[in-house]
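The structure appears below as structure tokens.
Values in this document were obtained by computation on a predicted structure and should not be read as measured data.
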Amino acid sequence: MKPDHFKIWENCLTVIEDNIPPISFKTWFKPIVPLKLNDDVLTIQVPSLFFYEHIEEQYIDILGKTLRRELGPKAKLEYSVVMDKSDSLDNGAAIMNVPTSNKTDLRNRPVQVPLSSDRPNIRNPFVIPGIKKLNVDPQLNPEYTFDNFVEGDCNRLARNASMAVAKNPGKTAFNPLFIYSNPGLGKTHLVQSIGIEIKKNMPEKTVLYVNANKFQTQFTESVRCNSQNDFLHFYQMIDVLIIDDVQEFAGKTKTQNTFFHIFNHLHQSGKQLILTSDKAPVELQGMEDRLLSRFKWGLSADLQIPDFETRVAILKKKIYNDGVNLPEDVINYIAGNVIHSIRELEGALISLLAQATLNRKEITFESAKLIVDKLIKKTQREISVDFIQKAVCEYFGLDVESLHSKTRKREIVQARQIAMFFSKNMTNSSLSTIGAKIGKKDHATVLHACKTINNLMETDKEFKNQIIEIESQIKI
Ligand code: ADP
Ligand code: MG
């Protein structure tokens, strides 16, 4: 009695499973369904044309061998490709008859798949028309170079990993490279730098930057036009695929599914994937597990809020690139107050320069302060006298206790005065409350402290910068 197709396929799977990596087995063989067995021909159902192609490319040897062992030397394999439901074909599947007995035979035989009768040529907005060879506009902004990306503690890991990937796309362990952060901290800039660097050194590589939203729109469009396969094939030809803001895929199952196939294809062919997101892979919501687990295969690195020095360095770089000059205290004021986003930092600088040009006036500290203060959303968080004391002491490396001691040491007296100054300006506490909390002083001492600090700020630039910096620390 002949065993049925399930049994045959099961036997094949047992052998195949022992011979390929578990992840490949799970991805490429688990979804296959044995359909029928007619004499020497086993028909298996695969989820997509791409699946069929991939299996033919990667696993035909082992498939052929195991099948011949089961069915004898005349064994043949037939694929049934499941079409997407949105496909207009009446018959749900396309059958391809492919002999497994002879590999050359297999390769030479054109596989006819009635995908759709009038399939348009690969249509993709990124392809530059009129050029025969696949020539993809990488969609890169020439400003977003590594040179223009200021290094700091906040971005060191992400930046170094990006540079490693740019040197050896697809050949490092950082595949995919997954960069995440809050908005405005440099994800797009950094991943574009990788693209620019690769294009510079390896112009033959096909690099593509695409925002997840655009990818999604293109995919939906391809479904509408019945050209999903073109869409899939186009993306599978890319050497370095950069997808920005993948959190936008959340809840979009079909797009995720397609991206999953693209991801697998590229990854298995040693191509580089670079992704960005507003969250770490573990925190992403609405994303399929199989996709999330792949996001974790390579390296995830985050970008953090830059510290004061890095913010100053970023501003200086922009100012230098723009060929303008700004007084040091203005730069420090912007860097000290626009804290949470580099995009806002740039925004403040741009509107400052715009106002100055419009008014044809020199930028002074006062005019800058006015503009910057208007721009930044002042944090409404309640700031307490205790919090201020802590921040001031942290800045100078002192114990809070020392502010409360009777000592007349200059540095402690000054720290105490600064804490009083900020408490008066940033809290609603009365002078006597402030005095009571900071070293049991009376209200006159607090008033005197405020006057002293104001005077010092007017005469000592260095001191004023310190005050600006402390202020920004308190506001974080
Ligand atoms: P995200 O994609 O994280 O929202 P962007 O890459 O769009 O952030 O960055 C916002 C702006 O800040 C861009 O104009 C970018 O050039 C600039 N920027 C971000 N990080 C840096 C950096 N380290 N050095 C210089 N400019 C930066
Ligand atoms: Mg971005």
Between [X] and [Y], is there a donor-acceptor pair closer than 3.5 Å when you use the side chain of the first and the backbone of the second?
X: Asn455; Y: Thr452; answer: no
X: Lys451; Y: Val446; answer: no
X: Gln192; Y: Asn141; answer: yes
X: Ser227; Y: Asp230; answer: no
X: Thr206; Y: Asp239; answer: no
X: Lys187; Y: Ser181; answer: yes
X: Asn155; Y: Val150; answer: yes
X: Gln256; Y: Glu288; answer: yes
X: Thr172; Y: Asn168; answer: no

Listing, residues 272-282 side-chain donor-acceptor contacts under 3.5 Å, not counting sequence neighbours, or none:
unit_1 : atom_1 : unit_2 : atom_2 : d
Gln272 : OE1    : Gly170 : N      : 2.7
Gln272 : NE2    : Phe174 : O      : 2.9
Gln272 : NE2    : Asn175 : OD1    : 3.3
Thr276 : OG1    : Asp244 : OD1    : 2.4
Thr276 : OG1    : Asp245 : N      : 2.7
Ser277 : OG     : Lys279 : N      : 3.0
Ser277 : OG     : Lys279 : O      : 2.9

I'd like to know whether the aromatic ring centres of Phe215 and Tyr235 sit less than 6.0 Å apart in this structure.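 Aromatic pair counts; centres sit under 6.0 Å.
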Measure the shortest side-chain to side-chain distance between [X] and [Y] over non-hydrogen atoms and say whether it is less than 4.5 angstrom.
X: Phe259; Y: Phe219; answer: no
X: Asn337; Y: Tyr333; answer: yes
X: Cys154; Y: Leu303; answer: no
X: Tyr59; Y: Phe29; answer: yes
X: Leu13; Y: Glu17; answer: no
X: Gln139; Y: Lys214; answer: yes
X: Val385; Y: Thr433; answer: no
X: Thr310; Y: Asp153; answer: no

Side-chain ion pair, [X] and [Y], N-O less than 4.0 Å:
X: Glu366; Y: Lys369; result: no
X: Glu197; Y: Lys200; result: yes
X: Glu328; Y: Lys316; result: yes

Where do Thr217 and Thr220 land on the side chain to side chain donor-acceptor pair (under 3.5 Å) test, with the steps shown first? CA-CA 5 Å; Thr217 315; Thr220 318; 6.0 Å; no
Determine whether more than 12 heavy atoms belonging to other residues, nucleotides or ligands lie under 6.0 Å from atom [atom1] of [X].
X: Lys271; atom1: NZ; value: yes
X: Asp289; atom1: CG; value: no
X: Lys252; atom1: NZ; value: yes
X: Lys296; atom1: NZ; value: yes

Quick one: [atom1] on [X] to [atom2] on [Y], what's the gap to the nearest 0.5 Å?
X: Glu248; Y: Ile243; atom1: CD; atom2: CD1; answer: 12.0 Å
X: Leu190; Y: Ile179; atom1: CG; atom2: CD1; answer: 5.0 Å
X: Gln466; Y: Phe396; atom1: CD; atom2: CZ; answer: 5.0 Å
X: Phe263; Y: Arg290; atom1: CZ; atom2: CZ; answer: 12.0 Å
X: Ile262; Y: His267; atom1: CD1; atom2: NE2; answer: 15.0 Å
X: Leu352; Y: Leu326; atom1: CG; atom2: CG; answer: 6.0 Å

Could you walk me through whether Asp399 and Ser402 satisfy the side chain to side chain donor-acceptor pair (under 3.5 Å) test, starting with their C-alpha distance in whole Å, then the side-chain angles of each, then the deciding distance to 0.1 Å, before giving a yes or no? CA-CA 5 Å; Asp399 276 341; Ser402 63; over 6 Å; no
Criterion side chain to side chain contact (heavy atoms under 4.5 Å, CB included) on Val207 and Ile238, from CA distance to verdict: CA-CA 6 Å; Val207 175; Ile238 307 295; over 6 Å; no
Please determine, by modelled atom types, if [X] and [Y] share a side-chain donor-acceptor pair under 3.5 angstrom.
X: Arg343; Y: Thr188; value: no
X: Thr27; Y: Ser24; value: no
X: Thr445; Y: Asp442; value: yes
X: Gln389; Y: His404; value: yes
X: Gln228; Y: Ser222; value: no

Please name the residue in the list Asp329, Ile468, Leu345 that meets the side chain to side chain contact (heavy atoms under 4.5 Å, CB included) test with Ile334.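 Of the listed residues Asp329, Ile468, Leu345, the side chain to side chain contact (heavy atoms under 4.5 Å, CB included) partner of Ile334 is Leu345.
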What verdict does the side chain to side chain contact (heavy atoms under 4.5 Å, CB included) test give for Phe146 and Ile196, after you've listed the backbone C-alpha separation in whole Å, the side-chain angles of each residue and the deciding distance to 0.1 Å? CA-CA 9 Å; Phe146 279 122; Ile196 291 178; over 6 Å; no
Evaluate Gln236 against His233 for side chain to side chain contact (heavy atoms under 4.5 Å, CB included), listing each step before the verdict. CA-CA 5 Å; Gln236 285 167 354; His233 282 127; 3.9 Å; yes
From CA spacing to verdict: side chain to side chain contact (heavy atoms under 4.5 Å, CB included), Leu315, Glu346: CA-CA 7 Å; Leu315 284 174; Glu346 275 183 13; over 6 Å; no
